[in-house]
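One structure is given below, encoded as structure tokens.
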Amino acid sequence: PGGGFGWWPMAMPGGGGGPGGSAPLPPSVPPQPAPTATAPTATQPPPTEAVLGSLLALGELLAHTGEFMLARYREVAGAVLWFRGARDPALRAAALALTPRLAAFAPERFADAYLPACLDFAGALLAAPSPAERAAAFAALGATALALARAGVADGVVPALPLAADAVADALASAVVLSPSLPPSG
């Protein structure tokens, strides 16, 4: 009796489980399966794919909803920046890819509240051993600087320039070591 099978209402005080509380549940409604051992719990993190999907959805919301997301900007920026410490490189890359979108959405707010954390995030990945993570960090840093420059608030990026220049020099030096067939400069 009753029990809430997804779309079907819970039992009502008059008895039964159907609409109005008097009709029994139809026999064609299968019982809901018991939670499985693989279902996320409060102590178990959600699967990486679910988090990646959520981050992609946040990016699309930033791109297409305007004022709706402005009221939620702090929560979105906090959620994105939370994943900068993720162990999974895909999660770090997705979070890093969202930083220019956050900067473009609300440049002044981003520069005031989130730029230092994003610069630290990108700076850490500029020194990463993975060429893919370094490339993503270069792209994100450049796109973030452009988004802030369009709004006239790019001054906060200046402290990251020496680190970025050093990373560029290191990347070029390793490219020369990897490809000795390049002509010498000069």
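- Nearest heavy atom pair, residue Pro46 against residue Val51, reads CG-CG2, 3.8 Å.
- Remark: side-chain polar atoms of Arg72 are paired, donor with acceptor, to backbone N or O of Phe68 under 3.5 angstrom.
- In this structure, Leu148 and Ala111 approach most closely via the heavy-atom pair CD2-CB, 4.3 Å.
- The minimum heavy-atom distance linking Tyr114 with Leu81 is given by the pair CD2-CD1, 3.6 Å.
- In this structure, Arg134 CZ and Asp170 CG are separated by 8.5 Å, a value rounded to the nearest 0.5 Å.
- At a threshold of 4.5 Å between side-chain heavy atoms, the hydrophobic network of Ile, Leu, Val, Met, Phe, Trp and Tyr places Phe83 and Leu125 in two separate groups.
- For the atom pair Glu60 CD and Met69 CE, the distance stands at 11.0 Å (nearest 0.5 Å).
- Across every non-hydrogen atom of Leu126 and Ala164, the tightest pair is CD1-CA, 3.9 Å.
- In the hydrophobic cluster analysis, where Ile, Leu, Val, Met, Phe, Trp and Tyr join through side-chain heavy atoms closer than 4.5 angstrom, Phe121 is grouped apart from Leu62.
- Using modelled atom types, one side-chain atom of Arg109 and one backbone atom of Leu70 make a donor-acceptor pair closer than 3.5 Å.
- Arg92 contributes a side-chain N or O that, together with a main-chain N or O of Arg87, makes up a donor-acceptor pair within less than 3.5 Å.
- Looking at heavy atoms from C-beta onward, Pro107 lies out of side-chain contact with Arg150 at the 4.5 angstrom threshold.
- Hydrophobic clustering places Leu58 together with Leu91 (ILVMFWY residues linked when any side-chain heavy atoms are closer than 4.5 Å, directly or through intermediates).
- Shown here for Pro100 and Ala140, the closest heavy-atom pair between the two residues is CG-O, 3.7 Å.
- Linking Ile, Leu, Val, Met, Phe, Trp and Tyr whenever their side-chain heavy atoms come within less than 4.5 Å puts Leu98 and Val157 in one cluster.
- Of the possible polar contacts, none joining the Thr144 side chain to the Leu141 backbone as a donor-acceptor pair under 3.5 Å is found.
- Using cut-offs of 30° and 60° for the angle between ring planes, the Phe105 and Tyr73 rings count as parallel.
- Across all non-hydrogen atoms, the minimal contact from Leu119 to Gly156 is CD1-O, 3.3 Å.
- Between the CD atom in Glu49 and the CG atom in Asp88 there is a gap of 8.5 Å [rounded to 0.5 Å].
- In this structure, Phe138 and Val168 have side chains that are in contact, with non-hydrogen atoms separated by less than 4.5 Å.
- Leu96 and Leu61 fall into different hydrophobic clusters, defined by Ile, Leu, Val, Met, Phe, Trp and Tyr side-chain heavy atoms under 4.5 Å apart, directly or through other members.
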